[in-house]
Amino acid sequence: MSKTIQAVRGMKDILPAQMPYWHHLEDTIRHILESYAYQEIRPPLVEKTELFARSIGEVTDIVEKEMYTFADRNGDSLTLRPEGTASCVRAGIENGLFQKQIHRLWYKGPMFRHERPQKGRYRQFYQIGAEVYGVTTPDIDAEIIAMTARFWQQLGLKNIVLQLNSLGSIEARKTYREALVNYLSQHSLDEDSQRRLQSNPLRILDSKNPDMQTVIQGAPVLLDYLDEVSQAHFETLKSLLAALDIDYKINPRLVRGLDYYNRTVFEWMTTELGSQGTVCAGGRYDGLVEQIGGRATPAIGFAMGIERLIALLEQYQKTPSVQNPHIYITMVGDNTISYGLRISEFLRNALPQLRLEMNCGGGSFKSQFKRADKSGAQFAMILGEDEMNKQQVGLKFLRQTEQTQTKEQLNLSWDELVNYLSEFQY
RNA sequence: GUGAACGUAGCUCAGUCGGUAGAGUUCAGGAUUGUGACUCCUGUGGUCGCGGGUUCGAUCCCCGUCGUUCACCCCA
């Protein structure tokens, strides 16, 4: 034990028992994304550090203290991506995807942030995200939100609520920020808030400290500072959501942690995961492409935390179980192993859908049967010297279903076996 | 980064007011010389997270460290 190497802190193995949840979630989301005409993109996991510093914001926590940054052999500073949007934007610019075109992109994969691990928060965690480039109008905001709502509905997840806000234009946000800082500086703030006054004053509005609530109540409201265009954008979005019957709650204190957001921001939250309740979040970042060096291109996107969604799925247990083999092959007697191998390869040729598990590693006949039972297989195949000499197989039902009234063990030739199995409903 | 609780067999846990550990389960074998699920028997499996201190003696007490969990912070 003392010399064993453990996984690095905050990085977990996703074990076979969990895989059905992951597959189910990934498949469901991917099909929906495709039904909205999104196309997958897979940028590298590593980028130049500067990319994240410039997009996420120099003074954010992510960039200041949470990135896995290291020097490449040539001295370049590289970083394991802490989020997906920056890479997508970079890839889009580099490959000329945004030249007066509308692009709907999606990605999935691991992200890395050096945070203290906690429920729903890991140092390597998985996100699925989507982004749309080239659309200024709020129709796309509404479509994106409708699509995310469809995710939860399709996955059978309840109790996820939508919070919505508008940050206005970059200029409006700046004006508001000044007003807010001005107001807050005249009041006594707790330690965290004092720190945030410099870095991200809008965050102070989100403080959980009860002592801060009265100060927060009296603070100027962001929505009052919205420029006209942003206001109209927001109004249209709200009416579109109403037309789609999508419930939402305006949260004037909803600010995203990343600097690049403007106008629409939204968050899907649950109260069932402890303090990490945000399951999906996103918004507009109309200035980002230009900021990274591309031609000015409006954009909107979101990302969701897969571990958090899986945790919800597990609570509801709305998932198929692990894929058991259909047949477990047991063997006794001389030369029956090669007979078993030949039959199993023959069957895999004839019936590619079939899941076969060979008993490997020996063991008494009894223990082979125990393994067959444990494997969850529908059938045990028995291959002994008798069967081999007659070029047959024994097939025994291990489980009772409507289909298996015949509980008798069958003895079949190879061809009969293929016929029998091809008509069997699993 | 801050705080709290916890680290005993592959898994779930008990235990020793300080005298180097036990159950269930898993796995292997047997009762049933080629037939699982129930039952019974036997066996494998632990430097009690790691390092140091106190002590005749530490898994237990103390300190440190690593890890886990939860909360703060931050965020998906």
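Treat the numbers as computed from the prediction; the structure is a model and nothing was measured.
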Between the protein and nucleotides 65-67 of chain B, list every N/O to N/O distance that falls short of 3.5 Å.
none

C27(B) versus G36(B) - spacing of their P atoms, nearest Å = 15 Å
Please list, chain by chain and in numerical order, all residues satisfying salt bridge (charged side-chain N to carboxylate O under 4.0 Å, His left out) with Arg195(A), sequence neighbours excluded.
-> Asp192(A)
Residues two or more places apart in sequence or in another chain: which of them pass salt bridge (charged side-chain N to carboxylate O under 4.0 Å, His left out) with Glu115(A)?
-> Arg121(A)
Donor on one side chain, acceptor on other, Glu314(A) and Gln18(A), under 3.5 Å = yes
Answer yes if the side chains of Ser230(A) and Arg263(A) hold a donor-acceptor pair under 3.5 Å, and no otherwise.
-> yes
Near-strand residues of residues 270-286 of chain A, defined as heavy-atom separation under 4.0 angstrom from RNA chain B = Gly274(A), Ser275(A), Gln276(A), Thr278(A), Val279(A), Cys280(A), Ala281(A)
Distance below 4.0 Å between Lys12(A) side-chain N/O and U69(B) OP1 or OP2 = yes
Taking atom [atom2] of [N] as reference, at what distance in whole Å does atom [atom1] of [X] sit?
X         : N      : atom1 : atom2 : result
Phe365(A) : A37(B) : CZ    : P     : 13 Å
Leu395(A) : G34(B) : CG    : C1'   : 16 Å
Leu15(A)  : C11(B) : CG    : P     : 11 Å

Distances under 3.5 Å only, N/O to N/O: pair up the protein atoms with those of nucleotides 1-3 of chain B.
{"residue": "U2(B)", "atom": "O4", "partner": "Arg116(A)", "partner atom": "NE", "Å": "3.4"}
{"residue": "U2(B)", "atom": "O4", "partner": "Arg116(A)", "partner atom": "NH1", "Å": "2.8"}
{"residue": "G3(B)", "atom": "O6", "partner": "Arg116(A)", "partner atom": "NH2", "Å": "3.4"}

Under the side chain to side chain contact (heavy atoms under 4.5 Å, CB included) test, which residues partner Gln154(A), sequence neighbours left out?
-> Thr28(A), Ile32(A)
Which residues share a side chain to side chain contact (heavy atoms under 4.5 Å, CB included) with Thr297(A), sequence neighbours left out | Phe98(A), Tyr133(A), Val289(A)
B/S/- along nucleotides 24-31 of chain B (protein heavy atoms under 4.0 Å) is --SSSSSB
Output a table of nitrogen or oxygen pairs between the protein and nucleotides 5-7 of chain B separated by less than 3.5 Å.
none

Sequence neighbours excluded, every pair satisfying ring-ring contact (aromatic ring centres under 6.0 Å, His included) that has a member inside residues 29-55 of chain A | none
Tyr328(A) ring center within less than 6.0 Å of Phe379(A) ring center | no
Can you give the dot-bracket line for RNA chain B, using ( ) for pairs inside the strand, [ ] for pairs that cross earlier ones, | for pairs with another strand and . for unpaired bases, where Watson-Crick and G-U count if both distances are under 3.5 Å?
-> (((((((..((((.....[..)))).(((((.......))))).....(((((..]....))))))))))))....
If you check the Gln409(A) side chain, which of U35(B), C74(B), G36(B) turns out closest?
-> U35(B)
Is the backbone N or O of Ala303(A) less than 3.5 Å from a side-chain atom of Glu131(A), with the two atoms forming a donor-acceptor pair by type?
-> no
Only pairs at least two apart or in different chains count here, so list each salt bridge (Lys or Arg N to Asp or Glu O under 4.0 Å) that has a residue in residues 79-91 of chain A.
-> Glu47(A)-Arg90(A), Arg90(A)-Glu94(A)
